[in-house]
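Below is one structure, written out as structure tokens; comments come after it.
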Amino acid sequence: MKVLVTDTVSEAGVGLLRKEKDLRVEVRTGLTRDELLEAVADADGMLTRSGTPLDAEVLGAAKKLRAVARAGVGVDNIDLASASRRGIVVINAPTGNTLAATEHTMAMMLSLVRKVSQAWNSLSLGEWKRSRFMGMQLSGKRLLVIGLGRIGTQVALRCRAFGMEVSAYDPYISKEKADRAGAQLLDDLAGALSLADMVTLHVPLTAETRRLLDAPALRACKRGAFLVNCARGGLVDEEAVAEGVRSGLLSGAAFDVFDGEPVRADHPLLAQDLREKVILTPHIGANTEEAQSAVAVIAASNLAAALLG
Ligand code: NAD
């Protein structure tokens with residue numbers, strides 16, 4: 001059986017598949033759309049990350065495909081309805097990168113309020129401008145976690161340790177679960193936004209959560225709040241965030257994920273006048289050796305089990 005690997009996946013996982021004598025592993029990354037349509041035609045299984053669009057056309061071209069494994073959490077690059085119509089099993093590895101994404105969120109939050117990258121930029125230009133980089137202390141401030149799942153919970157616990165007051169908006173969890181994360185569960189998003197000094201998103205991208213923070217929702221934010229998005233592009237109206245930072249409604253924003261990746265050169269958050277208040281990273285939340293190895297091993301072993309029984 002052919003297993004096609006179309007994104008860069010840790011050798012820890014690919015190696016597991018190579019050891020199976022009934023599987024022939026073909027690693028082909030950086031494919032054009034036409035090459036992808038051709039490569040999937042005889043694949044029995046696929047191992048991917050978020051870079052391969054498995055939409056209805058690609059799944060339709062994959063005549064033999066029985067299982068797709070995503071080395072990571074988000075499966076928004078896969079047309080799930082089309083996969084299930086075709087009887088294709090979709091596997092993800094939701095636990096492997098929780099801590100990596102959590103730690104990246106903390107890094108973004110701290111960099112944002114202490115202007116670490118902006119100060120380093122300035123120093124690297126030969127400047128020494130201490131008063132320009134006045135920061136805000138996290139301790140004593142109120143955090144709003146939107147989506148108190150695996151990553152949201154770990155972020156909440158760490159922010160409690162930083163002395164923050166933590167609230168959460170997540171209609172699908174119990175008060176007991178929020179209590180265990182040290183978070184006060186609020187059921188009105190606009191009300192929750194109006195209280196928070198720091199807002200961090202940890203929901204999946206679904207039809208319901210797309211543009212969860214659209215322009216009207218952003219207007220409900222407390223004046224001067226900071227916004228962090230290390231979950232998924234598409235959850236936020238990025239244009240409205242840029243405008244919010246420009247107008248002073250938001251003190252700053254830190255994004256690891258974007259609606260359309262890679263980010264285009266004229267992206268609203270890349271505007272020159274926002275450079276002092278915005279930090280962007282290229283979707284590296286899960287990029288630690290530990291997380292990549294963990295998600296690859298989980299995805300590959302479940303893929304092998306699905307194909308070989
Ligand atoms: P999870 O499934 O454990 O948690 C998601 C939480 O969101 C759940 O508690 C769910 O109840 C809640 N939720 C769903 N719909 C909601 C809504 N409309 N409003 C409020 N809450 C809602 O997921 P996770 O493992 O914590 O991952 C969270 C996000 O982080 C996902 O989008 C994932 O793709 C993303 N992620 C990004 C990176 C990265 O590289 N930046 C790495 C890992 C995960």
Side-chain angles (χ1 to χ4, degrees), residues 7-10 48-51 70-78 80 90 92-109 111 144-159 166-181 183-193 196 199-214 217 220 227-236 253-259 261-263 279-296 298-299:
D7 291 313
T8 304
V9 177
S10 165
T48 70
R49 286 179 63 196
S50 57
R70 156 79 165 96
V73 188
V75 287
D76 39 287
N77 56 319
I78 304 172
L80 294 179
V90 176
N92 68 346
T95 54
N97 57 27
T98 300
L99 294 178
T102 300
E103 291 184 3
H104 193 65
T105 305
M106 297 307 298
M108 294 293 257
M109 244 182 233
S111 300
L144 172 63
V145 179
I146 301 181
L148 198 67
R150 282 175 292 262
I151 298 168
T153 297
Q154 293 303 320
V155 169
L157 292 169
R158 280 154 183 75
C159 287
V166 178
S167 47
Y169 171 77
D170 188 329
Y172 302 108
I173 61 154
S174 63
K175 182 178 176 307
E176 290 66 38
K177 183 166 193 282
D179 286 346
R180 283 197 297 277
Q184 182 192 7
L185 194 57
L186 301 175
D187 57 12
D188 166 39
L189 180 58
L193 286 167
V199 177
T200 185
L201 281 156
H202 300 289
V203 292
L205 180 63
T206 62
E208 184 202 3
T209 61
R210 182 170 287 283
R211 294 279 190 280
L212 185 65
L213 295 190
D214 57 8
L227 174 64
V228 175
N229 185 9
C230 290
R232 274 292 173 273
L235 296 173
V236 183
F255 277 43
D256 182 49
V257 287
F258 305 90
D259 193 7
E261 297 180 6
V263 164
I279 321 173
L280 310 179
T281 50
H283 201 152
I284 57 170
N287 275 20
T288 63
E289 295 287 347
E290 294 87 344
Q292 285 313 306
S293 165
V295 293
I298 295 168

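Every heavy atom of this structure was used, including side-chain atoms; hydrogens, water molecules and symmetry mates were not. Note that ligands are numbered from 1 as they come in the structure, with each ligand's atoms numbered from 1 the same way.
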Q. Residues in salt bridge (Lys or Arg N to Asp or Glu O under 4.0 Å) with R70, at least two apart?
A. none

Q) Using a threshold of 4.0 angstrom between heavy atoms of the protein and any atom of ligand 1, which residues qualify? A) V73, G74, N97, A101, G147, L148, G149, R150, I151, Y169, D170, P171, Y172, I173, H202, V203, P204, E208, T209, C230, A231, R232, D256, V257, H283, G285, A286

Q) Are D256 and T281 linked by a side-chain donor-acceptor pair shorter than 3.5 Å? A) yes

Q: Evaluate the criterion side-chain hydrogen bond (donor to acceptor under 3.5 Å, both in side chains) for residue pair R158 and Q154; output intermediate values, then yes/no.
A: CA-CA 6 Å; R158 280 154 183 75; Q154 293 303 320; 2.8 Å; yes

Q: Check step by step if side-chain contact (heavy atoms from CB on, under 4.5 Å) holds for E290 and L99.
A: CA-CA 9 Å; E290 294 87 344; L99 294 178; over 6 Å; no

Q. If we ignore angles and hydrogens, is there a donor and acceptor under 3.5 Å between the side chains of T206 and T209?
A. yes

Q. How about R210 and D259: do any of their side-chain heavy atoms sit closer than 4.5 Å?
A. yes

